[in-house]
Amino acid sequence: MLKRYLELLYHVAKDDSVLGSIERSKAHQDQILHRSGMIFLVRSDGQILLQRRSPSNPTFPACWDSSSSFHVTFGESYEQAARRELKEETGVAAPLTFLGKFAYHVPPENEIVAVFSCRSDDAIRIDPAESSEASFHTRDDVNVIAASETAAPWLPKGWKILVDPTISPE
């Protein structure tokens with residue numbers, strides 16, 4: 001979904017405490033730390049949905065990404081943003097499990113990323129403005145994709161949180 005309105009995000013400190021709000025464009029332009037998130041949708045057979053970012057996306061076009069990635073709009077929680085974006089980007093509404101957070105800074109992004117998972121066998125309906133492709137992959141496939149140059153730079157960190165049981169949520 002192309003966003004043509006003023007989008008306010010949370011401006012946060014390194015400990016994720018809120019400092020105020022900031023326009024999305026300014027957050028990216030000035031690389032100001034803000035909140036975002038990602039979701040891994042897992043089917044009952046264990047396969048994981050990945051989406052390929054649209055080639056017209058200004059940040060990391062055509063890269064593989066999680067099932068859904070998002071910014072947290074000022075005024076909503078990480079979980080509210082995750083539910084909203086999962087529905088918008090995949091057509092799926094499923095209970096979410098919070099797995100943890102990590103900090104990430106590769107220009108233009110400077111984010112604290114909350115990682116969620118969900119289980120669903122519902123049909124997927126992708127938003128062509130956001131993604132050029134969506135497909136299910138085995139864990140081994142995702143390991144290869146996450147380690148490749150075709151992955152969005154935040155995908156390996158989020159994937160590690162999903163598959164590493166020793167990482168606990170913050």
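Hydrogens, waters and symmetry mates are skipped; everything else that's a heavy atom, side chains included, is used.
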Side chains of [X] and [Y]: does their closest heavy-atom pair fall under 4.5 Å?
{"X": "W64", "Y": "S135", "value": "yes"}
{"X": "I124", "Y": "D122", "value": "no"}
{"X": "V144", "Y": "V142", "value": "no"}

Which residue pairs satisfy the salt bridge (Lys or Arg N to Asp or Glu O under 4.0 Å) criterion with at least one member in residues 41-52, sequence neighbours excluded?
R43-D45, R52-E133

Does any pair with a residue in residues 136-157 pass salt bridge (Lys or Arg N to Asp or Glu O under 4.0 Å), and if so which ones, sequence neighbours excluded?
none

Ring centroid separation for H34 and H11, is it under 6.0 angstrom?
no

Centroid-centroid distance, F102 to W154, less than 6.0 Å:
no

Look at R35 together with E111 and state whether they make a salt bridge at an N to O cut-off of under 4.0 Å.
no

Can you tell which of E79, E76, E89 makes a side-chain hydrogen bond (donor to acceptor under 3.5 Å, both in side chains) with R84?
E76

Any donor-acceptor pair under 3.5 Å linking the side-chain atoms of H137 with those of Q47?
no

Side-chain donor-acceptor pair under 3.5 Å between E7 and H71, yes or no?
no

Walk me through it: do L50 and I145 pass the test side chain to side chain contact (heavy atoms under 4.5 Å, CB included)?
CA-CA 10 Å; L50 294 183; I145 291 167; 3.8 Å; yes

Once the angle between the rings of F74 and Y10 is folded into 0 to 90°, is it parallel (under 30°), tilted (30 to 60°) or perpendicular (over 60°)?
tilted

